[in-house]
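Numbering of ligands and ligand atoms starts at 1, following listing order.
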Amino acid sequence: LRGGDAIYMGGGRCSLGFSVTGGYVTAGHCGTTGTAVSGFNRVAQGTFAGSVFPGNDYAWVRTNANWTPRPWVNRYNGTNVIVKGSTQAAVGSQICRSGSTTGWRCGTVQAFNQTVNYPQGQVRGLTRTNACAEGGDSGGSWVAGSGFGQAQGVTSGGSGNCSSGGTTYFQPVNPILSRYGLTLT
Ligand code: TYR
């Protein structure tokens, strides 16, 4: 299991957020509790064990024995970032994200605790950035700090794209860990 890799739910694709003991976290809008998931190689991977969207935008997937949680995020340049913790980066910090549509993209943390209105309803507590994202990047990893070793959150949504630039919101990771009692691997 590696952050930023593709995950498939039926016909839809999202991205893996961060490995945790027993599976990984991703975005809630990627699947409801009970949804089956397959991995980047389309091999059966697990099931959404908990999911909240709207309100928040978080979920975790319990994985099967064919998959091993590893503290990695795909940089889409042949290397991985090693995740060491989840200390929140301040407004103004550089931050990068990994996702299965547009790979590794970077920007700046602009504001915490943002409310975003999606067609399905309102999500509170998101962090706004000027890093771009596109459909299918959802659920992917946001990292900051030394060596990009600190997990920040999972991609929720936004506007724009990676050609002209965009605004992207992510769901902070620490509330996901505490809600489900999960530990980063
Ligand atoms: N919400 C999109 C998804 O489900 C991801 C996305 C993020 C799309 C930012 C557009 C955008 O600007 O994959």
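- Atom CZ of Arg13 is surrounded by more than 12 heavy atoms from other residues, nucleotides or ligands within 6.0 Å.
- No donor-acceptor pair closer than 3.5 Å links the side chain of Ser100 to the backbone N or O of Asp137.
- Relative orientation of the Trp60 and Tyr180 rings is tilted, given thresholds of 30° and 60° on the angle between their planes.
- Checked against a 6.0 Å centroid threshold, the rings of Phe148 and Trp142 do not count as neighbours.
- Listed by chain and residue number, the protein contacts of ligand 1 are His29, Ala133, Glu134, Gly135, Gly136, Asp137, Ser138, Ser156, Gly157, Gly158, Ser159, Gly160 (heavy atom within 4.0 angstrom).
- At least one side-chain heavy atom of Thr26 sits under 4.5 Å from a side-chain heavy atom of Ile7.
- Geometrically, Arg179 does not engage Tyr58 in a cation-pi contact defined by less than 6.0 Å to the ring centre and at most 45° from the axis.
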